[in-house]
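Chain letters run A, B, ... following the sequence lines, proteins first, then strands; residues in each count from 1.
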Amino acid sequence: MLTNRDANGAQETFWLLKAEPLPRYEKGVNVAFSIDDLAACTRPEPWTGVRNPQARNNMQAMRHGDLGFFYHSNAKPSGIVGILRVVEEARVDETAFDPQDPYYDAKSNREKPKWYCVGVEFVRKFDKVVDLATIKAHAAKGGSLEGMQLLTNGRLSVSRVRMDEWEYVLDLAKRQESAGTEEDTGQEKDTVP
DNA sequence: GCCAACGTTGGC
DNA sequence: GCCAACGTTGGC
């Protein structure tokens with residue numbers, strides 16, 4: 001059984017969870033979920049709808065208290081927007097059993113569940129998005145983020161982040177914040193109509 | 001809206 | 001158990 005905690009219980013593997021902040025309709029349901037939506041939650045948010053085995057395995061490896069990045073995909077710009085915390089370990093994702101649900105899976109049933117979800121809560125939002133272009137700029141050969149699962153397996157909606165990658169991205173976020181509001185590419189704030 | 005990357009499915 | 005066809009993700 002793989003673990004992401006060392007002997008003292010300190011977190012060794014961090015996470016990256018993707019969601020789409022912009023409205024998109026699946027079976028007539030808006031599947032958008034942004035970090036602002038998470039910040040507004042008053043109880044743990046079940047991270048449902050993950051229908052990829054690798055992403056599911058990553059969620060099952062999460063432990064209570066683990067931290068992860070919140071990533072906005074299909075966004076302007078796409079990138080890491082903040083931090084969340086795992087507060088409920090993996091349990092069966094009930095949405096897979098609901099034919100009305102956008103992520104219904106006829107092959108999953110209660111006797112033999114296929115999909116799981118964790119519960120997460122908001123930790124913080126970065127002043128500025130650490131956008132994908134920035135991440136890629138540090139992921140060139142020999143770069144600190146070379147090998148980040150976000151880039152090596154771009155279609156995984158729940159990926160792993162090594163501790164050194166975690167710290168490096170946090171540093172990028174910090175540098176962007178202290179760099180002031182002008183200049184730079186992603187001075188997106190809450191300026192959406 | 002296009003399309004590349006890549007995981008999954010199913011026929012054999 | 002191989003592998004071609006297919007479906008999905010997600011950047012652009």
With ILVMFWY side chains joined below 4.5 Å, transitively, what does A:F97's cluster contain besides itself?
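A:V92, A:Y116, which link up through side-chain heavy atoms under 4.5 Å apart, make up the rest of the cluster.
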Can you list, by residue number, the residues of residues 98-112 of chain A that have a non-hydrogen atom closer than 4.0 angstrom to DNA chain C?
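Heavy-atom contacts with DNA chain C come from no residue of residues 98-112 of chain A; none.
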Between A:K114 and A:L151, name the one whose nearest nucleotide on DNA chain B is closer to the 5' end.
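Its nucleotide being nearer the 5' end, the pick is A:L151.
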Comparing A:T152 and A:N74 on DNA chain B - which has the more 5′ nearest nucleotide
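It is A:N74 whose nearest nucleotide is closer to the 5' end.
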Which two nucleotides bound the region of DNA chain C that has atoms under 4.0 Å from heavy atoms of chain A, read 5' to 3'?
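Here the contact window of chain A covers C:dG7 to C:dC12.
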Taking only Lys NZ, Arg NE, NH1 and NH2, and the carboxylate oxygens of Asp or Glu, determine whether [X] and [Y] approach each other closer than 4.0 Å.
X      : Y      : value
A:D93  : A:R51  : yes
A:E89  : A:R63  : yes
A:D164 : A:R162 : yes
A:K114 : A:D105 : yes

With a 4.5 Å heavy-atom cut-off, do A:P46 and A:R91 have their side chains touching?
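Yes - at least one pair of side-chain heavy atoms lies under 4.5 Å apart.
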Are there over 12 heavy-atom neighbours, none belonging to A:K27, within less than 6.0 Å of that residue's NZ?
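Yes, NZ of A:K27 has more than 12 neighbouring heavy atoms, counting only those of other groups under 6.0 Å.
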Is the gap between the ring centers of A:Y103 and A:W47 under 6.0 Å?
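So the answer is no for these two rings.
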